[in-house]
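A short worksheet on the structure shown next.
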Amino acid sequence: MLNIEQLNQFYGESHTLWDLNLEIPKGQCLCVMGRNGVGKTTLMKCIMGEESVKSGSIKLEDGAELTKLSIEQRSRHGIGYVPQGRQIFPMLTVEENLRTGLAVRKDGLKTIPERIYELFPVLKEMKNRRGGDLSGGQQQQLAIGRALVIEPRLLILDEPGEGIQPNIVAQIGEVIRRLMEEDGLTVILVEQKLPFARKYADSFAILDRGRIMAADSMDKLSDELIRQYLAV
Amino acid sequence: MNLMTELTRRDRVFDFLAPTQSPVDVRHGPILYLEGVSVSFDGFKAINNLNLTIDDGELRCIIGPNGAGKTTMMDIITGKTTPDEGSVWFGSRHNLLTMNEPEIATLGIGRKFQKPTVFEALTVFENLELSMAADKRVLPSLRSRLAGEHYDRIDEVLAIIGLKALETRQAGILSHGQKQWLEIGMLLMQKPRLLLVDEPVAGMTEQEMERTAELLTGLAGKQSVVVVEHDMGFVRSIARNVTVLHQGSVLAEGSMDQVSADPEVIKVYLGEDD
Amino acid sequence: MAHAVNYSQSWLTRPFTERSTLTFLGVLLGAVALVTFLNLAMPQDSALHVSTYTVTLMGKYLCYALLAVAVDLVWGYLGILSLGHGAFFALGGYAMGMYLMRQIGDRGVYGNPDLPDFMVFLNWQELPWYWSGFDMAWFAFIMVLLAPGILAFVFGYLAFRSRVTGVYLSIITQALTFALMLAFFRNEMGFGGNNGLTDFMDILGFDLRTDGARLGLFIASGIALALGYIICRAIVGSKLGRVSVACRDAEARTRFIGYRVERVQLFVFVVSAMLAGVAGALYVPQVGIINPSEFSPLFSIEVVVWVALGGRATLYGAVIGALIVNYAKTVFTGVMPDAWLFALGALFVLVTVFLPKGIAGLFANLGKKKKADSPANSGTEQEAAA
Amino acid sequence: ADPIKVGILHSLSGTMAISESTLKDTMLMLIEEQNEKGGLLGRELEPVVVDPASNWPLFAEKARELLAKEEVDVIFGNWTSVSRKSVLPVVEELNGLLFYPVQYEGEESSENVFYTGAAPNQQAIPAVDYLMNDIGVERWVLAGTDYVYPRTTNKILETYLKDHGVAEEDIMINYTPFGHSNWQSIVADIKEFGSQGKKTAVVSTINGDANVPFYRELGNQGISASDIPVVAFSVGEQELSGIDTAPLVGHLAAWNYFMSVDADANYDFIDKWTAYKEDENAVTNDPMEAHYIGFNMWLEAVKKAGTTDVDAVKDAIIGVSVPNLTGGYATMMPNHHITKPVLIGEIQDNGQFSVVWETPSTVAGDAWSDFLPGSKDLISDWRKPLFCGNYNVVEKTCGGAEKVASN
Amino acid sequence: MRITRSLRLLLTACLLSLFAFSAQADDAQAQSLLQQLADAPNAKKGDIISEIAASGDERARQWLEAFSDGKLARNEETGAFVIVLTNRGRNWTVADALSGEELGEVSRRDLDSIRINNALRSQLDGILSVIDLTVEDPAKRLAAARDLRGSVGESQVERLSEIMSAEENTEVKAALQEAVAIYRVVEQGDLASVEVLSGSLNSNARAALNSAANSDNAELAAAAKKALESIEQKLKINDAAKTLYFGISLGSVLVLAAIGLAITFGVMGVINMAHGELIMLGAYTTWGMQQLLPGQPGLALILSIPAGFLVAALAGVAIERTVIQHLKGRPLETLLATFGISLILQQLVRTVISPLNRTVITPEWMSGSIMINEGLSLTLNRLYIIGFALVVFFGLMLIMRKTRLGLEVRAVTQNRAMARSMGIKATRVDILTFALGSGVAGLAGVALSQITNVGPNLGQNYIIDSFMVVVFGGVGNLWGTLVAGLTLGTINQLLEPWAGAVLAKILVLVFIILFIQKRPRGLFPQKGRAAEG
Ligand SMILES: Nc1ncnc2c1ncn2[C@@H]1O[C@H](COP(=O)(O)OP(=O)(O)OP(=O)(O)O)[C@@H](O)[C@H]1O
Ligand SMILES: Nc1ncnc2c1ncn2[C@@H]1O[C@H](COP(=O)(O)OP(=O)(O)OP(=O)(O)O)[C@@H](O)[C@H]1O
Ligand SMILES: [Mg+2]
Ligand SMILES: [Mg+2]
């Protein structure tokens with residue numbers, strides 16, 4: 001589904017991502033792991049287009065070269081993004097927040113698909129409240145719901161469980177699994193919490209100081225690797 | 001190296017973390033006392049007749065579903081939100097409802113926000129410097145100069161939060177997790193009597209969580225700590241007393257085991273398989 | 001332990017250890033000395049002679065520069081976009097103007113020793129109470145600081161206490177200066193209405209029309225700018241300066257660590273207003289008139305534009321901006337009287353688009369290139385000598 | 001020979017450009033014409049144009065630039081009083097010559113300034129006389145923009161009217177801010193004031209841009225010239241060229257020149273002007289005539305003195321007479337004001353005035369009004385022995401500042 | 001019905017008989033009459049006018065109208081009388097006054113206009129009104145009758161009484177009655193006529209009563225005073241209504257000026273100092289349209305609405321593309337750049353068009369006022385502008401609420417990167433929104449051209465007020481802008497009568513300052529966590 005080759009990224013003069021190579025097969029979930037500040041979010045932003053890359057390529061399965069596309073075009077290729085820190089539109093109501101995602105839907109739907117509300121009942125309850133007034137966890141749910149509105153083929157989740165109550169976290173995991181199985185959704189997940197990652201991801205990639213240190217299927221994630229790259 | 005060993009000792013409270021003298025009167029027991037507090041936003045009751053008492057030196061975990069009112073409660077304590085009714089006392093002398101944010105902060109209540117907020121244009125060092133317990137009035141700030149012990153203190157905190165290398169970087173470019181740590185650092189610099197910590201471990205790895213747990217338990221005793229967190233593993237590792245909020249009032253209170261066995265709590269919050 | 005940052009200095013001595021400040025002061029005072037020398041020592045017909053006309057012109061620019069520094073202090077470091085600083089400038093100017101008016105004594109056209117000409121002329125019978133005291137230099141000079149200071153204090157006290165921020169604050173500062181403009185236009189106010197105060201004769205006993213007095217005023221303006229700059233630098237470099245920046249970027253957060261934001265704002269705002277007042281006071285004897293158009297909101301906006309053009313939050317950028325824009329104005333209005341607004345407008349547009357950090361950004365870039373390899377001490381030029 | 005430099009100090013941008021930019025063109029035209037005639041004293045005239053941008057301190061700066069840097073021999077310029085006030089000290093200090101072409105409040109006489117516009121006694125008083133005697137006006141609205149010219153003029157008029165037996169309650173005085181555009185309630189008040197059974201007129205010293213909305217409102221509220229005539233002192237052909245005059249027909253203005261005046265000198269001037277502007281519909285107005293007169297007076301004086309030296313010209317110009325555009329002559333008086341006829345015109349639908357009344361002969365401008373208590377004893381005479389701008393005839397002293405000894 | 005109609009015809013005939021029936025009046029006599037008119041001193045002209053009117057010449061009316069407009073002139077050389085058809089520029093087109101034949105252009109120098117003044121004009125108006133009293137159209141008759149109030153002369157009273165008794169339209173009749181009564185009260189001190197005038201709100205009637213109240217005749221004075229009192233009562237109510245109307249109309253001007261800014265500044269966050277100049281462009285478009293369509297000011301004005309919108313919108317697009325798009329994320333710097341643009345636009349207009357104001361003609365249907373009652377008439381141009389402001393406001397509201405643009409622009413301003421991640425084409429949204437805001441500014445310009453100067457300074461006069469209205473209402477809230485504009489306008493007009501225009505304005509500013517203390521985020525603040533950040 002997604003193929004990243006020799007990706008290099010700079011913030012000004014500081015080299016943040018170094019020669020990254022990654023491949024995610026369709027319908028699978030890749031979990032990107034690593035300590036704080038190693039470049040996980042930066043990588044997600046590069047895929048989404050919020051940060052420009054210095055060199056390398058990011059290709060979709062249909063052959064589209066993402067690095068040549070603008071952010072809007074990328075989302076039109078079916079990439080949904082749940083950024084770190086939620087990034088909901090604070091002064092839009094919950095419903096309006098969700099409606100922003102309708103623009104790119106191919107079917108021209110004008111209303112919010114009911115299943116989003118089924119997934120996150122709290123959003124329906126708070127439909128007319130401003131996004132910024134929600135509690136942290138509610139905002140996170142809104143961010144996920146909003147990304148699902150565009151019916152993505154590839155979903156980028158940057159620490160999606162942050163701030164969400166345990167039972168809903170589990171539920172989100174289930175939903176993502178189901179979407180992967182039923183609709184062939186591909187997922188890139190950034191997650192620090194091992195149990196969650198282990199449960200829902202198919203493979204992992206560990207980042208350290210902007211480099212990929214290990215990447216394999218999830219069951220190969222050893223305590224040794226964890227100690228080496230995830231412990232302080 | 002010396003510092004590292006010191007940091008790993010759980011039993012001892014570092015003296016730079018010892019609270020400053022605050023005029024709080026805790027002779028009669030609790031340091032924080034909320035009674036019958038309610039607040040509503042456009043008719044929505046976010047806090048509903050909430051009663052809560054935190055003892056001096058206690059470490060209390062507060063859990064509860066999203067939107068239960070945990071953050072709002074902290075807003076009320078720190079003076080950001082004024083409740084519609086109820087009373088909030090700090091010790092037995094200070095009615096927090098009559099005070100504004102800086103007064104409350106000066107009294108010795110420090111807070112870490114759910115969404116990390118740091119001073120983005122200032123460096124990491126400056127963020128800590130500003131947070132340091134000191135005379136925060138205008139003219140003293142103008143004249144303020146850092147002495148050796150101040151530097152030491154900042155260095156120690158920098159070491160704890162692991163941002164020594166980024167000391168001179170602007171806080172705005174930090175990653176999400178680094179900002180979380182910086183906020184914890186700022187909280188530590190204030191040396192408050194009461195720490196309100198909203199989701200301290202979101203976005204941290206397991207190991208970092210452990211470190212945070214140590215830090216918080218280390219603080220308890222001299223300082224009182226209120227932690228809000230959704231990570232049950234973390235809560236379990238530090239909690240002695242847990243309060244469960246639901247729809248703006250207390251649903252359950254007790255030890256972690258008691259609480260997590262409560263069917264109501266499982267239903268609204270934990271989920272069956274946890 | 002070695003530290004990349006040094007905050008152990010006293011706030012007053014700190015500016016003198018900063019390279020940028022020393023460079024600035026050196027350039028400024030050097031230029032003032034040079035001009036003075038060229039004006040006094042060079043013969044009239046020498047190519048190197050600087051005419052009194054130029055000296056007066058530069059004196060005026062220096063006053064504008066001080067005003068710009070005052071605006072930059074509140075806008076750049078405190079985040080208050082004041083669209084009304086012209087009011088403080090004008091109040092300082094009026095205080096000085098009133099003193100100069102009283103100095104005329106009975107040498108006015110009507111020869112009335114008690115009343116300024118414009119009052120005689122509009123049939124006033126006696127001097128209004130608020131004019132009393134202005135015949136004494138010390139009183140007038142105190143009022144130069146107090147009038148804008150008190151206005152800023154009262155206004156700021158109300159606004160900051162109510163936590164008025166952002167554009168709301170900007171707009172009420174604008175309303176303030178607009179209201180004052182209309183008020184000063186009114187002849188009943190006793191400040192000469194639209195014509196303002198003019199026909200000044202002497203200051204502190206020196207005849208204003210002599211070259212000596214002009215040169216003196218120019219030097220005074222230079223020194224005032226230097227002092228104002230040092231004061232601002234000292235504030236900005238102190239912990240209070242960092243608290244200001246904190247207020248600018250996250251006002252609410254600053255409160256939660258115990259700072260009384262409104263007092264910080266008030267303090268800096270009042271200091272800035274007083275500096276603006278001093279600038280106005282030095283400006284008036286050099287241009288020879290003070291009238292309510294100095295209160296005009298568009299003038300205040302223009303000052304902000306100088307600062308933005310020079311580079312916000314650098315202080316020296318404000319000075320550069322004020323000098324460049326006003327020099328451009330002088331030149332353009334003479335050389336291309338019909339098209340100078342195109343040139344000036346284009347200057348504003350081009351600088352914004354191509355120099356995001358203003359003209360000062362150019363300097364900063366040059367500086368950066370030099371130490372590109374050294375570990376980045378990002379952003380602010382706070383590396384200290386020690 | 002070196003050219004003779006003529007400084008032109010009129011705003012070309014900012015609020016006053018509307019009025020002043022035409023005067024710059026007038027001067028350029030006059031200078032061009034003079035050069036075609038061979039210049040002055042065998043030297044060419046060179047205009048030096050600067051733009052003080054409607055900014056009063058900039059006026060002072062530019063005046064200084066003209067005198068000190070460009071070393072011009074004479075300046076023609078200014079419109080507003082405040083700009084003149086700000087230029088005045090500079091011109092005096094550097095001993096320049098300034099010709100000021102606009103009607104103004106008087107109460108000033110400077111050795112270095114020549115006032116070719118009307119003083120209040122050359123405009124306001126005759127206009128009021130006309131309304132009182134010919135129209136039979138009994139109730140007066142004195143409406144003005146709140147600045148010194150209207151204030152002074154109204155003060156003078158008030159005294160004058162009261163002297164002529166008009167009662168306090170029959171005078172309504174109203175001031176508005178610059179550029180006032182919302183005249184609804186004021187016009188309604190005027191209407192109300194005028195419906196008390198006595199013939200009412202408005203004496204308007206409303207300035208500049210505020211006039212258009214004012215007249216529009218008059219028209220819309222149905223106040224016609226036959227009900228309540230408005231006589232304006234600041235509305236000329238140029239202002240009218242920006243107004244739809246159809247509803248204004250019959251309202252009045254008092255000036256010393258109208259474009260419609262039937263005189264050959266005027267027609268020639270108009271022809272030259274329209275040719276110069278390459279615009280058939282270009283209009284002329286009173287301040288243009290003032291510049292025309294001032295320029296010619298200066299030429300005469302230079303010829304008479306044989307030099308452009310300021311002191312020589314200052315002496316030579318007093319008493320110089322040149323034709324004006326209304327078929328008569330203007331003479332420079334010792335008080336640096338000139339003689340002018342006073343004309344009253346009614347607005348026509350083509351933006352012109354038709355003259356309905358004029359003074360039988362020219363009136364000499366008064367530097368100091370006879371109707372203000374502070375100045376009624378003052379006169380100005382810049383001829384030698386007296387040589388004083390504000391001589392008190394009662395105390396027999398020359399008041400105010402002694403002349404700076406150095407020049 | 002039929003009877004009265006024929007009666008009127010008869011009457012018309014009678015009246016025309018005043019001018020006698022001689023169809024071929026002899027030109028020599030006409031020439032001499034005109035000669036007399038031209039040569040007589042003003043004081044004597046009145047008699048000659050009457051003589052001309054009585055001469056029975058068919059062309060008399062034409063001459064008198066031309067004379068009243070100052071368009072009757074004599075050719076200096078030939079001595080022939082002409083009627084001026086166009087009187088702009090140096091050469092005027094004229095027609096022979098006697099033969100009516102067009103003579104083409106004649107130099108202004110050669111024409112001697114016959115002078116007229118106000119006194120003569122009102123005399124003429126009286127005469128012409130009386131003629132109008134007999135026309136078919138009742139509206140015209142009413143207007144003529146109303147005009148007559150206060151200008152009835154001795155010579156007309158008799159005739160008016162006759163016409164009055166024959167008139168069947170009650171309104172016209174009442175007006176005529178008043179007209180005659182005014183004459184009687186003033187000139188004859190007629191007590192019965194005071195009765196007729198009591199309750200009339202007409203200003204001439206009141207003037208008449210006022211003069212009667214001061215008369216020496218005690219009985220008359222008392223009656224007049226009583227009549228006046230009843231009038232005062234009615235006037236009080238009128239005054240309140242009037243003030244309200246003034247307030248709303250001033251408010252709607254403020255709203256119009258500010259509403260475009262409510263989009264570009266309030267929603268997009270661009271501190272658009274060139275907003276005033278965009279308004280100015282709209283106003284100049286109106287002027288340009290009227291130049292393109294001479295003689296059809298109304299049509300031109302209507303066409304200016306789309307044209308003004310387009311011109312300003314295109315200018316907006318140009319500004320957005322060349323400058324503002326480079327300033328994403330630096331909102332404060334838009335102030336600097338747009339300030340530069342505003343200087344450039346102003347000077348551009350000065351250079352390309354002229355530094356002078358331009359004349360924009362008010363079409364017939366927008367001038368004058370509609371009368372609610374005699375003491376309260378609403379000026380039409382203001383009424384249209386109130387309506388226009390509301391239409392523009394609600395149109396804009398509709399666009400912002402009901403189309404995706406509204407949602408998308410808010411999303412883009414709140415979080416640009418995220419909005420783009422959601423597939424919103426931010427660049428397009430920026431262009432469209434800025435064009436919309438600018439276009440609306442252009443619409444404001446079209447409207448403002450009807451009440452104020454069209455000149456290079458137009459924009460400057462409104463920019464400060466516009467910002468104040470937007471901010472006072474609460475940034476980002478369109479309703480706020482509407483309410484703020486209307487509130488500030490009304491407050492200003494309430495204060496003006498007792499404080500004066502200058503002080504009223506100062507007080508409004510002080511009010512804004514104090515109000516913001518109470519509500520630091522404007523009238524309609526954005527509340528909640530989100531707003532506090
Ligand atoms: N705008 C920026 N300019 C310069 N450096 C930046 C910028 N944004 C991030 N960085 C730096 O790049 C590094 C990677 O940041 P990133 O946000 O990708 O980390 P992360 O792996 O997502 O961490 P976390 O787990 O804390 O979210 C960090 O060291 C950060 O300081
Ligand atoms: N200003 C406001 N306006 C409207 N509703 C609000 C406002 N502030 C909070 N709420 C609502 O109040 C409830 C409590 O919010 P709060 O942030 O306190 O929850 P929380 O317990 O901290 O949840 P989380 O665990 O998700 O952080 C939520 O439902 C939220 O939507
Ligand atoms: Mg991250
Ligand atoms: Mg929360």
Side-chain angles (χ1 to χ4, degrees), chain D residues 12-15 17-18 21-22 135 146 174-177 179-182 184-186 188-189 191-192 194-198 209 212-213 216-217 219-222 225-227 229 238-239 241-244 246-247 249-250 260 262 267 270-271 274 280-281 346 348-352 354-356, chain E residues 42 69-70 87-90 108-109 112-113 115-119 121-122 125 151 203-204 206-208 210-211 214 242-243 246 249-250 253 346-347 350 355-362 367-369 377 379-382 451-457 460-461 492-493 496-497 500-502 505:
Chain D
L12 309 179
S13 57
T15 46
I18 280 184
S21 52
T22 322
I135 311 280
D146 192 2
N174 183 292
Y175 292 105
T176 40
H180 191 64
S181 63
N182 188 53
Q184 303 181 93
S185 51
I186 292 170
D189 285 351
K191 197 172 172 182
E192 176 66 32
S195 64
Q196 306 295 323
K198 288 182 180 167
D209 278 357
V212 174
R216 274 217 159 109
E217 194 65 38
N220 285 323
Q221 294 202 18
S226 44
D227 304 333
Q238 186 164 306
E239 285 73 24
S241 74
I243 312 183
D244 175 12
V249 171
S260 62
D262 193 9
Y267 287 129
I270 294 170
D271 283 348
T274 44
E280 268 299 293
N281 295 319
E346 278 184 6
Q348 292 177 286
D349 67 341
N350 60 348
Q352 294 289 328
S354 86
V355 177
V356 291
Chain E
N42 278 350
D69 294 345
N87 60 357
R88 290 183 192 265
R90 275 185 297 168
R108 236 199 71 179
R109 285 181 190 232
D112 251 349
S113 294
R115 288 188 180 175
I116 179 162
N117 64 19
N118 280 320
R121 199 175 282 118
S122 55
D125 285 349
S151 63
S203 60
N204 287 310
R206 263 191 306 142
N210 268 318
S211 69
N214 294 330
K242 206 166 6 183
T243 309
F246 290 164
S249 89
L250 174 62
V253 169
Q346 271 174 49
Q347 194 63 13
R350 277 196 198 104
L356 308 184
N357 287 334
R358 301 285 91 183
T359 314
V360 172
I361 300 166
T362 307
S367 18
S369 36
S377 30
T379 45
L380 269 174
N381 62 344
R382 302 260 176 191
I451 48 175
T452 186
N453 300 282
V454 178
N457 300 334
Q460 302 265 300
N461 298 336
N492 188 310
Q493 289 301 294
E496 211 176 282
V502 186
K505 209 158 174 192

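Just so you know, these numbers use all the heavy atoms, side chains as well, and skip hydrogens, waters and symmetry mates. Chain identifiers are assigned alphabetically (A, B, ...) following the order of the sequence lines, protein sequences preceding nucleic acid strands; residue numbering begins at 1 within each chain. Since the model is a prediction, treat every value here as computed from it, not as a measurement.
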Under 4.5 Å heavy-atom distance to chain D, tell me which part of [X] shows up: side chain, backbone, both or neither.
X: Ser113(E); answer: neither
X: Ile361(E); answer: both
X: Asp112(E); answer: side chain

Quick check: closest heavy atoms across [X] and [Y], and the distance to 0.1 Å?
X: Arg109(E); Y: Asp271(D); value: NH2-OD2, 2.8 Å
X: Ser181(D); Y: Arg382(E); value: O-NH2, 3.9 Å
X: Ala501(E); Y: Ile186(D); value: CB-CD1, 4.2 Å
X: Phe246(E); Y: Gln184(D); value: O-NE2, 3.1 Å
X: Glu217(D); Y: Thr379(E); value: OE2-CG2, 3.8 Å
X: Ile18(D); Y: Asn457(E); value: CD1-ND2, 3.9 Å

Which atoms of [X] are under 4.5 Å from chain E, going by heavy atoms: the side chain, the backbone, both sets, or neither?
X: Ala188(D); value: side chain
X: Pro229(D); value: side chain
X: Ser185(D); value: both
X: Asp209(D); value: both

Distance check, rounded to the nearest 0.5 Å: Thr362(E) atom OG1 versus Arg216(D) atom CZ? 4.0 Å

From CD (Gln347(E)) to CG (Leu12(D)), nearest 0.5 Å: 8.0 Å

Main-chain N/O of Gly14(D) paired to Arg350(E) side chain as donor or acceptor, under 3.5 Å: yes

Any donor-acceptor N/O pair, Asn220(D) side chain to Ser367(E) backbone, under 3.5 Å: no

Do you know which of Gln460(E), Lys505(E), Gln493(E), Gln346(E) has the most heavy-atom pairs with chain D at a distance under 4.5 angstrom? Gln493(E)

When Asn461(E), Asn492(E), Val360(E), Thr243(E) are compared by non-hydrogen pairs under 4.5 Å with chain D, the top option: Val360(E)

Counting heavy-atom pairs under 4.5 Å to chain E, which of [options] comes out on top?
options: Glu280(D), Glu239(D), Glu346(D); value: Glu346(D)
options: Asp227(D), Asp146(D), Ile243(D); value: Ile243(D)
options: Thr15(D), Asn281(D), Val356(D), Asp189(D); value: Thr15(D)
options: Ser195(D), Gly222(D), Ser13(D), Ala17(D); value: Ser195(D)

Pairwise side-chain contact, Pro213(D) with Asn453(E), heavy-atom cut-off 4.5 Å (strictly under): yes

Can you find a pair of side-chain heavy atoms, one from Asn182(D) and one from Val253(E), that are under 4.5 Å apart? no

Does Arg358(E) have any salt bridge (Lys or Arg N to Asp or Glu O under 4.0 Å) partners at least two apart in sequence or in another chain, and if so, which? none

